[in-house]
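The block underneath contains the structure these notes are about, expressed in C-alpha cells.
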Amino acid sequence: MSGIESVLKETRRFPPAASFVEHATVPGREAYNVLCDKAVNDYEGFWGELARELLHWQKPFSRVLDSSQAPFFRWFDDGELNASYNCIDRHLPHKANKTAIIFEADDGQVEHISYQQLHDRVARFANGLLSLGIGRGDRVVIYMPMVPDAVVAMQACARIGAIHSVVFGGFSAGAVRDRVQDAGAKAVITANEGLRGGKSVPLKATVDDALADAACPTVQHVIVLQRTPAQPAWQPGRDLWWHELTQGQADHCPPVAMNAEDPLFILYTSGSTGKPKGIQHSTAGYLLGALNSYRWIFDAKENDVFWCTADVGWITGHSYVAYGPLAFGATQIIFEGVPTYPDAGRFWQMIERHKVSIFYTAPTAIRSLIKLGAKLPQQYDLSSLRLLGSVGEPINPEAWMWYYEVVGGSRCPIVDTWWQTETGSHMIAPMPGSLDIKPGSCTLPLPGILADIVDEAGAPVEPGKGGFLVIKKPFPSLVRTIWNDPDRFKKTYFPDEFNGEYYLAGDSANRDEDGYFWILGRVDDVLNVSGHRLGTMEIESSLVANPLVAEAAVVGKPHDIKGEAVVAFVVLKDARPEGEEARRIAAELKNWVAHEIGKIAQPDEIRFGDNLPKTRSGKIMRRLLRAIAKGEAITQDVSTLENPQILDQLQQTQ
Ligand code: WT7
C-alpha cells in the first residue's frame, strides 16, 4: 500500500452554524462523543437500545448479537417484526394524511401520496401477489421505472415476506437474466415502458428478452405496470397487468411476522470477478441501519421534505428512498426523469417547487450540472434547503465548494456519506450538528461503527499514510452473505489475512491529523463510474463473449464528469484492425457491451493490440494499461514483461 498516499492538502473547514446546532438531532461534538463512547463501552447495549427504541417488534428479541457462526453474524435473532409495518402502518394512528411521497413525473405532473394511500396501495398489491401464490421466502425481481409503484412493489414484498431483488432499469436483458437465474425468482415485476427525458424505455420487451428460450424456468409470473398507453408483446398465462391483479383486492393485508434475520432483499453489485454478487440484507439489522442513519446524518425533522435522487435500482434508493425515510415517517420526493430534461435547471426548479429541505445526490450529477449551467441555481429560490448530501464517490473540493456556495447558499452543511451496498447504511459521514466539515472528506464514523485504516498485516497505520479501510466489529446493517455463495462472502469480506475478524471494504483511505477519513478509491479491480461500481472482469467477460474477441483487459481512466471512464484493450481473433475498420469494430464492441450489461458499462475507448502486456507467467500488467489509458509516459519497471514492444502499439489511438 506504500503507493497509496494522498496528495490532497485541504485546509478549509466549515463548522455548523450555531442556529443549526441548536435544533440538531445530535447537537455539538460533545453529544457525538457521548454516543461514540457509549457504543465502545457497551456495544451490544448500544445497538440493542436503538433497536428497541426505533423499531416496532411483533416479538421482542432477547439477544442482541450472536457471533457463534462468524463471519455469519446474527442480530436480534429471536425477535420478529415486519419492515413494511415499520415503514407504513405504525405511522397511521398519528399521520395517516401526511404526505409520504411527492411524485414528479418525467413530464412534470405531480401526485401526492399520503401514508394512508401508500398503505392501501401496498396492501392491494401484496394481496395480488398472495393471490398468485407468492409468499414468504419467494424471490421477486423488480425491474421498474422510478415511479412510486416501484416502492409499492418493494414494500408489498416486505409485507408478505417475499425477498425482492431490484434490478436497475438501465441494465440490459443479459443482466436481468443473470440476476433472475441466480436468485431463482418466481415472479418479475416490470412496466410496459418507462419514461426518462421524454423518451420511452421498453422495460417489458427487455424482460421478454431476458426470459426468452426458457432461460429462466423459475419465473411463473410477469406483472406489468401500465405506465404508458403502449401495448407490449404478451404471453398469456405468464403476463398479467398490475391494474388487473390489484382490482378488487382488499386494502388490508396483515404484515407477516418475520424473523429479524430473514432476508429482506438481495441486491446485486459488481465485484472483482465476472459474476455479480447477490448482497443479502436482513430484515431488522438493515432497517435499523437505514432508519437510524436517516435520523442522524440527515438530522431528520418531522416537517422536512427529503429528496434523494438515486434510483431504487441502487442501494441508495433502497436505504434512502424505499426504507429509511418511510420508517421515519418523512415526506420525500420521487422523481421519474433526468436532471437535464427539459433543461439543466430541472433539479433546482423541483427544489423550489416542492420546497425541498434536504437534498441528497451524487458528485457525478453535481459535476455535470456545473458544466451545464453553473449559474442556473441562482435563478431559483433554493431557500428551503437546510442540508445537502453527497454519495457514491469522493467529491472533489471544487464541486464541493460549488455545491456549498451556489446550491446551499453557504448556509447548508454537506454530509459526504461513505458507505456501500454491503454496509446497507452510512458508515462514515458527519453528524451535521456535531462536526466541522472539510471539502472532500467524509469525516468520522457514525457512533457504533468502528472503522479503521490498516496495513496488509491488519495493523493500524499512522495518520497521513494510506491503507485498507476496515470495520473492526460487525454492525446490524452489514451484508449477511452473498446469495448462493457463502464462501465468496467469507473470502471477499472477512479474509484470513485479517484473521477473519475485520470487514474489508475494498477501499483505500487515509486519515488526517483530526482523525478525519479521506477515501482514496478501490483497491480491487472495480471501477467507479458515475458513482456506480463496475467490475473490470465483468466487462472483460462480456467483451470476450463477442465472437470477434480473443482477449480483453479493462481499466479505468479519470473522467471529469463520470469520475472514471471505462477503457478496454482488446485482442481480436483476426489480425489487429486499423483505421476505418478499427473504428467500426470499436463501435460494434461498445454497443455489444451496452447490450450485454447496460449503457453504464460501455467503454469510452477501445484500443486494439496484437497482444496484451503480460509477465512471463502470463499475468496481464494492468498498471501499465492504466498508465497507457491515462496517456502517461511509462516510467515503471517493464523488465518482467514478456513482450515490451506491445506497449508502443497500445499507446496509439485511432
Ligand atoms: C463504493 C460503494 C453507497 C451508495 C453508492 C455506491 C465508493 C461511496 C463514497 C463517498 C468516497 C465513496 C466507495 C465504495 N463510495 N460513497 N462518500 N466517498 N467514495 O454504492 O455501488 O456499493 O459502491 O462507492 O469506493 O466502496 P456501491
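For ligands, and for the atoms within them, numbers begin at 1 and follow the listed sequence. Since this is a predicted model, take the numbers as computed values, not measurements.
The option with the heavy atom closest to atom 5 (C) of ligand 1, from among Ile279, Ile395, Thr316, is Thr316.
Atom NZ of Lys472 is surrounded by more than 12 heavy atoms from other residues, nucleotides or ligands within 6.0 Å. Other residues, nucleotides and ligands contribute at most 12 non-hydrogen atoms within 6.0 Å of the NZ atom of Lys473.
Not one N or O of Thr269 is nearer than 3.5 Å to an N or O of ligand 1, by distance alone. Here's the thing with Ser390: none of its N/O atoms is less than 3.5 angstrom from an N/O atom of ligand 1. Taking distance alone, with nitrogen or oxygen atoms compared against 3.5 Å, Asp416 approaches ligand 1 more closely than that limit. Not one N or O of Glu422 is nearer than 3.5 Å to an N or O of ligand 1, by distance alone. Taking any N or O of Arg522, backbone or side chain, at least one lies under 3.5 Å from an N or O belonging to ligand 1. Polar contact check, Gly392 against ligand 1: a nitrogen or oxygen pair lies under 3.5 Å apart.
Within ligand 1, the atoms closer than 4.0 Å to a non-hydrogen atom of Asn528 are 7 (C), 24 (O), numbered from 1 in the order shown. Atoms of ligand 1 lying under 4.0 Å from any heavy atom of Val391, numbered from 1 in the order shown and given with element: 3 (C), 4 (C), 5 (C). Under a 4.0 Å criterion applied to the non-hydrogen atoms of Ile315, ligand 1 contributes the atoms 4 (C). Counting atoms of ligand 1 from 1 in the listed order, those under 4.0 Å from a heavy atom of Thr417 are 9 (C), 10 (C), 16 (N), 17 (N).
Cation-pi geometry between Lys438 and Tyr516 is satisfied (NZ or CZ under 6.0 Å from the ring centre, within 45° of the ring normal).
The single protein non-hydrogen atom nearest to atom 25 (O) of ligand 1 is Asp507 OD1, 2.9 Å, given as residue, atom name and distance. The single protein non-hydrogen atom nearest to atom 6 (C) of ligand 1 is Gly531 O, 3.7 Å, given as residue, atom name and distance. Atom 21 (O) of ligand 1 has as its closest protein heavy atom Arg533 NE, 3.5 Å. For atom 9 (C) of ligand 1, the nearest protein heavy atom (residue, atom name, distance) is Glu393 N, 3.5 Å. Of the protein's non-hydrogen atoms, Pro394 N, 3.0 Å is the one closest to atom 11 (C) of ligand 1. Looking at atom 3 (C) of ligand 1, its nearest protein heavy atom turns out to be Trp419 O, 3.1 Å.
Between the side chains of Tyr360 and Thr316, no donor N or O sits under 3.5 Å from an acceptor N or O. Residues Gln420 and Tyr503 bring a donor and an acceptor atom of their side chains to less than 3.5 Å of each other. Counting only N and O atoms by type, the side chains of Lys275 and Tyr268 include no donor and acceptor under 3.5 Å apart. With hydrogens and angles left out, the side-chain atoms of Tyr294 and Ser425 include no donor and acceptor closer than 3.5 Å.
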Working for side chain to side chain contact (heavy atoms under 4.5 Å, CB included), residues Ile333 and Phe306: CA-CA 6 Å; Ile333 310 280; Phe306 178 74; over 6 Å; no
Derivation of the side chain to side chain contact (heavy atoms under 4.5 Å, CB included) call for Val415 and Met431: CA-CA 8 Å; Val415 290; Met431 293 265 211; over 6 Å; no
Working for side chain to side chain contact (heavy atoms under 4.5 Å, CB included), residues Val147 and Ile334: CA-CA 7 Å; Val147 292; Ile334 289 184; 5.9 Å; no
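Between Gly506 and ligand 1 there is no heavy-atom distance shorter than 4.0 Å.
Under 4.0 Å from ligand 1, the heavy atoms of Ile519 that appear belong solely to its side chain.
Screening Asp416, Asp512, Ile453, Asp507 for a side-chain contact (heavy atoms from CB on, under 4.5 Å) with Phe517, the sole residue that qualifies is Ile453. Partner of Phe489 under the ring-ring contact (aromatic ring centres under 6.0 Å, His included) criterion, out of Phe494, Trp483, Phe73: Phe494 alone.
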